Amino acid sequence: MFVASVTGEIRHRRRAHLVAWGYLFGGHRRLHHRVGMPKLRPLADFFFGHGAVDPALEQVCTLLERWETSPKSQPEPVHSSVLDALLSAGSPHLKDVTLELLQDLVADHPASSARPRGFFKMSRVLAANGFIPEPLTGSHQQRGTRPETVASVPPEWLEMDLRWRKFSTNEPGIIRTKFPLLLVAGRWAAERHPEATSPQARTRDIAAEYIADTVIAVPGQWAGHSRNRTGWGEPLSASGKAGRVDTIRSFFCDLIEWEWITPGSIPAASWLCRCRSGPVATRPPGSSTMPPGPSSWPPD
């Protein structure tokens, strides 16, 4: 009755004030999620002060736009995730959001909703700035990689693949698409060039040979242990060829950009090849662009 007398009969106002009291006096930082509040900005302004969360929102969205993972015209899903995380952390500062908190927040929402995707994007910004040790990982690591899937991949190649998957700033869905294609490239190396199974050992001639074999490849080649045998033995589609070439190109560009390997005889430009079915994009969708200036991302 007291709440109704103060806030009037508008239901959403009563709910907002109850959440605010629970947050301030009871320490219930997830109450906004429990009651299903759709708009979090007024709540954040009330808790932290008007405009206190603006620097955090700007930092996340600016870096995501630079990486081209979040359209500037549709910032609302990312804003909602950032506000949710800040409210749950009890702070308007990104440095106070922990990896454990983000994992709990993802578990609180259906995997198909927009909010977890925003948490994944936010985690990559936090990791890039050193606020958390690593970004959130997608469902591929929650399930785990089957031992039989990677058994035929050379250890030197697999080690770099796993490391790339852990620190890549690509969308989780893009990582899940690219990772099996990188395993294909590793199995190809084990068969064609067992003396050069490490990414550092690749040469321009090996790169050209891989492109040539990709053009005439069929589904199932170098697939290892795979339960999906759809289309095996048929010609690889144009998009399949482009995907393999684009994946290996962006993989090596990342390794060189992060200084995990030295260009040597495999400059990044040697992977900017075209397959016979058409040109491959000069920039892979969702590829990372590191912030300008000194950076420790990814960590050694």
Side-chain angles (χ1 to χ4, degrees), residues 1-67 69-109 113-136 169 291-297:
M1 293 297 294
F2 173 73
V3 175
S5 66
V6 173
T7 63
E9 296 300 324
I10 302 177
R11 182 178 179 182
H12 74 271
R13 290 182 59 192
R14 294 202 302 270
R15 181 172 57 181
H17 278 74
L18 285 172
V19 170
W21 287 351
Y23 188 99
L24 293 173
F25 302 115
H28 301 294
R29 295 179 177 174
R30 294 293 294 144
L31 194 56
H32 60 275
H33 171 68
R34 300 290 180 258
V35 302
M37 291 192 65
K39 295 186 180 297
L40 300 180
R41 180 57 191 261
L43 205 59
D45 284 340
F46 180 80
F47 293 146
F48 305 130
H50 185 75
V53 296
D54 286 344
L57 293 172
E58 182 178 359
Q59 184 175 358
V60 171
C61 292
T62 298
L63 194 51
L64 289 176
E65 289 166 15
R66 187 177 302 163
W67 289 340
T69 62
S70 181
K72 187 174 182 179
S73 59
Q74 298 178 347
E76 186 57 35
V78 175
H79 280 192
S80 296
S81 296
V82 173
L83 291 171
D84 195 347
L86 295 175
L87 287 168
S88 300
S91 169
H93 306 297
L94 293 177
K95 63 182 179 63
D96 295 321
V97 178
T98 66
L99 180 60
E100 293 74 18
L101 174 61
L102 289 176
Q103 291 170 338
D104 291 341
L105 294 178
V106 169
D108 264 353
H109 295 272
S113 68
R115 191 65 59 84
R117 293 195 292 272
F119 292 137
F120 276 101
K121 293 178 180 180
M122 179 183 180
S123 76
R124 291 193 286 278
V125 174
L126 295 179
N129 284 278
F131 296 147
I132 60 176
E134 61 183 12
L136 290 169
T169 58
S295 173
S296 59
W297 176 259

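Quick caveat: nothing in here was measured; it's all calculated off a predicted structure.
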(message) Using side-chain heavy atoms (C-beta onward) and a distance below 4.5 Å, is S80 in contact with R115?
(response) yes

(message) Using side-chain heavy atoms (C-beta onward) and a distance below 4.5 Å, is F48 in contact with L87?
(response) yes

(request) Measure the CG-CG distance between L94 and L86 for me, rounded to the nearest 0.5 Å. (result) 6.0 Å

(message) Rounded at 0.5 Å granularity, tell me how far NZ in K121 sits from CG in L126.
(response) 14.5 Å

Residues 97-107 side chain polar contacts: donor-acceptor under 3.5 Å, at least two apart:
from, atom 1, to, atom 2, distance (Å)
T98, OG1, L101, N, 3.1

What side-chain donor-acceptor pairs closer than 3.5 Å can you find for residues 49-62, not counting sequence neighbours?
from, atom 1, to, atom 2, distance (Å)
D54, OD1, R41, NH1, 3.1
D54, OD1, R41, NH2, 2.7
Q59, NE2, N129, OD1, 3.4
T62, OG1, E58, O, 2.7

(message) Is it the case that the side chain of R124 and the backbone of P135 share a donor-acceptor pair, with hydrogens and angles ignored and the cut-off at 3.5 Å?
(response) no

